[in-house]
Amino acid sequence: MPDGEVYITDVDLSTPDQQLPQKVNIMTRQVIRTEKAPAPVGPYNQAILASGQMLFVSGQIAIDPSSNTIVYTDDVIKQTEQVMENIKAILTAAGVTFDDVIKTGIFLADMNDFATVNQVYAKYFDPENAPARACVEVSRLPKDVLVEIECIALVGG
(Lines give C-alpha, C1' and ligand atoms only; values in the text may rest on other atoms or scores of the structure.)
Protein backbone atom coordinates (compact mmCIF):
# COMPACT_ATOMS: atom_id res chain seq x y z
CA MET A 1 0.00 0.00 0.00
CA PRO A 2 1.25 3.56 -0.67
CA ASP A 3 1.48 4.44 3.04
CA GLY A 4 3.50 1.30 3.84
CA GLU A 5 0.64 -0.65 5.42
CA VAL A 6 0.11 -4.29 4.53
CA TYR A 7 -3.27 -5.27 3.10
CA ILE A 8 -4.70 -8.35 4.81
CA THR A 9 -7.35 -10.44 3.10
CA ASP A 10 -9.50 -13.37 4.20
CA VAL A 11 -8.54 -15.22 1.00
CA ASP A 12 -5.39 -17.33 1.23
CA LEU A 13 -3.76 -16.62 -2.11
CA SER A 14 -1.02 -19.21 -1.51
CA THR A 15 -3.47 -22.12 -1.74
CA PRO A 16 -4.25 -22.75 -5.42
CA ASP A 17 -7.35 -24.87 -4.78
CA GLN A 18 -9.20 -22.19 -2.76
CA GLN A 19 -12.17 -20.81 -4.66
CA LEU A 20 -11.93 -17.11 -5.48
CA PRO A 21 -15.10 -15.08 -5.91
CA GLN A 22 -16.48 -15.23 -9.44
CA LYS A 23 -17.30 -12.13 -11.44
CA VAL A 24 -21.07 -11.82 -11.55
CA ASN A 25 -21.63 -8.76 -13.73
CA ILE A 26 -19.84 -7.94 -16.91
CA MET A 27 -20.04 -4.27 -17.82
CA THR A 28 -21.45 -3.54 -21.24
CA ARG A 29 -20.98 -0.41 -23.25
CA GLN A 30 -23.31 0.90 -25.97
CA VAL A 31 -22.67 3.98 -28.08
CA ILE A 32 -25.68 6.30 -28.40
CA ARG A 33 -25.90 8.40 -31.56
CA THR A 34 -28.61 10.58 -33.08
CA GLU A 35 -28.70 12.91 -36.06
CA LYS A 36 -30.96 15.18 -33.99
CA ALA A 37 -27.92 16.34 -32.01
CA PRO A 38 -24.60 17.59 -33.33
CA ALA A 39 -21.98 15.13 -34.43
CA PRO A 40 -18.96 15.04 -32.11
CA VAL A 41 -16.23 17.57 -32.92
CA GLY A 42 -13.50 15.18 -31.78
CA PRO A 43 -12.73 11.54 -30.94
CA TYR A 44 -15.70 10.92 -28.65
CA ASN A 45 -19.38 9.88 -28.86
CA GLN A 46 -22.54 11.79 -28.03
CA ALA A 47 -23.25 9.38 -25.18
CA ILE A 48 -22.35 5.99 -23.75
CA LEU A 49 -24.88 3.68 -22.11
CA ALA A 50 -23.07 1.62 -19.46
CA SER A 51 -24.54 -1.78 -18.58
CA GLY A 52 -27.93 -0.58 -19.74
CA GLN A 53 -28.30 1.46 -16.56
CA MET A 54 -26.30 4.67 -16.70
CA LEU A 55 -26.12 7.10 -19.59
CA PHE A 56 -23.11 9.39 -19.81
CA VAL A 57 -23.82 12.31 -22.15
CA SER A 58 -20.81 14.17 -23.52
CA GLY A 59 -20.61 17.91 -23.09
CA GLN A 60 -22.91 19.63 -25.55
CA ILE A 61 -22.34 23.05 -27.05
CA ALA A 62 -24.52 25.35 -29.15
CA ILE A 63 -24.20 23.56 -32.47
CA ASP A 64 -27.29 23.36 -34.66
CA PRO A 65 -27.36 19.71 -35.81
CA SER A 66 -29.02 20.59 -39.14
CA SER A 67 -26.25 22.98 -40.23
CA ASN A 68 -23.43 21.71 -37.96
CA THR A 69 -22.55 25.32 -37.11
CA ILE A 70 -22.30 27.29 -33.87
CA VAL A 71 -25.41 29.38 -33.29
CA TYR A 72 -26.04 32.62 -31.40
CA THR A 73 -22.35 33.39 -30.82
CA ASP A 74 -23.07 36.36 -28.52
CA ASP A 75 -26.31 35.20 -26.84
CA VAL A 76 -25.88 32.92 -23.81
CA ILE A 77 -29.66 32.43 -23.48
CA LYS A 78 -30.04 31.13 -27.04
CA GLN A 79 -26.85 29.07 -26.73
CA THR A 80 -28.11 27.44 -23.53
CA GLU A 81 -31.45 26.67 -25.18
CA GLN A 82 -29.64 25.00 -28.09
CA VAL A 83 -27.43 23.02 -25.69
CA MET A 84 -30.45 21.79 -23.74
CA GLU A 85 -32.24 20.78 -26.95
CA ASN A 86 -29.14 18.86 -28.06
CA ILE A 87 -29.08 17.06 -24.71
CA LYS A 88 -32.81 16.36 -25.00
CA ALA A 89 -32.28 14.73 -28.42
CA ILE A 90 -29.54 12.46 -27.03
CA LEU A 91 -31.60 11.53 -23.96
CA THR A 92 -34.55 10.71 -26.24
CA ALA A 93 -32.35 8.53 -28.46
CA ALA A 94 -31.42 6.56 -25.32
CA GLY A 95 -35.05 6.28 -24.19
CA VAL A 96 -34.85 8.64 -21.21
CA THR A 97 -35.93 12.19 -20.31
CA PHE A 98 -34.65 15.06 -18.22
CA ASP A 99 -36.49 13.43 -15.27
CA ASP A 100 -33.91 10.63 -15.42
CA VAL A 101 -30.88 12.94 -15.21
CA ILE A 102 -29.05 12.58 -11.89
CA LYS A 103 -25.98 14.80 -12.42
CA THR A 104 -25.02 17.69 -14.66
CA GLY A 105 -21.87 19.67 -15.19
CA ILE A 106 -22.04 23.20 -16.55
CA PHE A 107 -19.02 24.99 -17.96
CA LEU A 108 -19.26 28.74 -18.50
CA ALA A 109 -16.94 31.08 -20.35
CA ASP A 110 -18.08 33.82 -17.93
CA MET A 111 -19.45 33.17 -14.43
CA ASN A 112 -21.44 36.39 -14.78
CA ASP A 113 -23.77 34.32 -17.00
CA PHE A 114 -24.60 31.97 -14.09
CA ALA A 115 -28.05 33.45 -13.31
CA THR A 116 -28.99 33.73 -16.98
CA VAL A 117 -28.05 30.11 -17.71
CA ASN A 118 -29.98 29.02 -14.59
CA GLN A 119 -33.15 30.63 -15.98
CA VAL A 120 -32.98 28.50 -19.12
CA TYR A 121 -31.75 25.37 -17.29
CA ALA A 122 -34.66 25.59 -14.82
CA LYS A 123 -37.16 25.19 -17.68
CA TYR A 124 -35.91 21.64 -18.22
CA PHE A 125 -35.82 20.36 -14.63
CA ASP A 126 -38.47 20.13 -11.93
CA PRO A 127 -36.98 21.98 -8.93
CA GLU A 128 -38.12 19.21 -6.56
CA ASN A 129 -36.33 16.55 -8.63
CA ALA A 130 -33.46 18.53 -10.11
CA PRO A 131 -30.18 16.62 -10.50
CA ALA A 132 -26.99 17.19 -8.57
CA ARG A 133 -24.85 19.74 -10.39
CA ALA A 134 -21.52 21.46 -10.67
CA CYS A 135 -20.95 24.76 -12.44
CA VAL A 136 -17.54 26.22 -13.16
CA GLU A 137 -16.03 29.03 -15.17
CA VAL A 138 -13.36 27.91 -17.60
CA SER A 139 -10.80 29.90 -19.54
CA ARG A 140 -12.09 28.71 -22.90
CA LEU A 141 -14.65 26.33 -24.38
CA PRO A 142 -14.61 24.43 -27.69
CA LYS A 143 -15.27 26.67 -30.68
CA ASP A 144 -15.35 29.65 -28.28
CA VAL A 145 -18.95 28.99 -27.20
CA LEU A 146 -20.34 30.57 -24.04
CA VAL A 147 -21.70 27.41 -22.35
CA GLU A 148 -21.20 23.63 -22.38
CA ILE A 149 -23.30 21.13 -20.42
CA GLU A 150 -22.80 17.40 -19.77
CA CYS A 151 -24.99 14.99 -17.83
CA ILE A 152 -25.47 11.51 -16.42
CA ALA A 153 -28.87 9.81 -16.43
CA LEU A 154 -30.33 6.61 -15.00
CA VAL A 155 -31.95 4.33 -17.54
CA GLY A 156 -34.94 2.28 -16.47
CA GLY A 157 -34.91 3.89 -13.04
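The closest side-chain heavy-atom distance from K103 to E150 is not below 4.5 Å. No side-chain heavy atom of L141 sits under 4.5 Å from any side-chain heavy atom of L146. The closest side-chain heavy-atom distance from P65 to E35 is not below 4.5 Å. Within the 4.5 Å cutoff, the side chain of I152 has no heavy atoms near those of the L55 side chain. Counting heavy atoms from C-beta on, the side chains of L154 and M54 come closer than 4.5 Å. The shortest distance between side-chain heavy atoms of I63 and V41 falls below 4.5 Å. At a threshold of 4.5 Å between non-hydrogen side-chain atoms, the residues T73 and I70 count as touching. Contact of the I87 side chain with the I149 side chain is registered, since non-hydrogen atoms from C-beta on lie closer than 4.5 Å.
In the hydrophobic clustering of ILVMFWY residues, with side-chain heavy atoms under 4.5 Å counting as a link, V71 and F107 come out apart. Taken together through direct or relayed side-chain contacts under 4.5 Å among Ile, Leu, Val, Met, Phe, Trp and Tyr, L91 and I61 form parts of separate hydrophobic clusters.
Pairing each heavy atom of A153 with each of V96, the nearest pair is CB-CG2, 4.3 Å. Nearest heavy-atom pair, I90 versus A47, reported as atom, atom and distance to 0.1 Å: CG2-CB, 3.6 Å. Here the closest non-hydrogen pair linking M84 and F98 is O-CZ, 3.4 Å.
With values rounded to the nearest 0.5 angstrom, T80 atom OG1 is found 10.0 Å from Q119 atom CD.
Checked against side-chain contact (heavy atoms from CB on, under 4.5 Å), S67 has the following partners two or more places apart in sequence or in another chain: D64, T69.
If you check the side chains of Y124 and E85, you find a donor sitting under 3.5 Å from an acceptor. Between the side chains of Q82 and N86, at least one donor-acceptor pair of N or O atoms lies under 3.5 Å.
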Evaluation steps, side-chain contact (heavy atoms from CB on, under 4.5 Å), between L108 and D110:
CA-CA 5 Å; L108 299 175; D110 184 348; 5.8 Å; no
Using the rule given for side-chain contact (heavy atoms from CB on, under 4.5 Å), can you reason through V145 versus Q79, listing the C-alpha separation, both sets of side-chain angles and the distance that settles it, and then say yes or no?
CA-CA 8 Å; V145 295; Q79 279 202 3; 3.6 Å; yes
After noting the C-alpha distance and the side-chain angles of I32 and I48, does the key distance pass the side-chain contact (heavy atoms from CB on, under 4.5 Å) rule?
CA-CA 6 Å; I32 303 295; I48 299 293; over 6 Å; no
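Checked against C135 for a side-chain contact (heavy atoms from CB on, under 4.5 Å), the options I106, V147, T104 give a single hit: I106.
For residues 36-61, the pairs satisfying side chain to side chain donor-acceptor pair (under 3.5 Å) are R33-N45, with sequence neighbours left out.
For the pair D113 (side chain) and T116 (backbone), a donor-acceptor distance under 3.5 Å is absent. Looking at D100, its side chain does come within 3.5 Å of a backbone N or O of T97 through a donor-acceptor pair.
Seen from the ring of Y121, R133 counts as a face-on cation partner, given the 6.0 Å and 45° thresholds.
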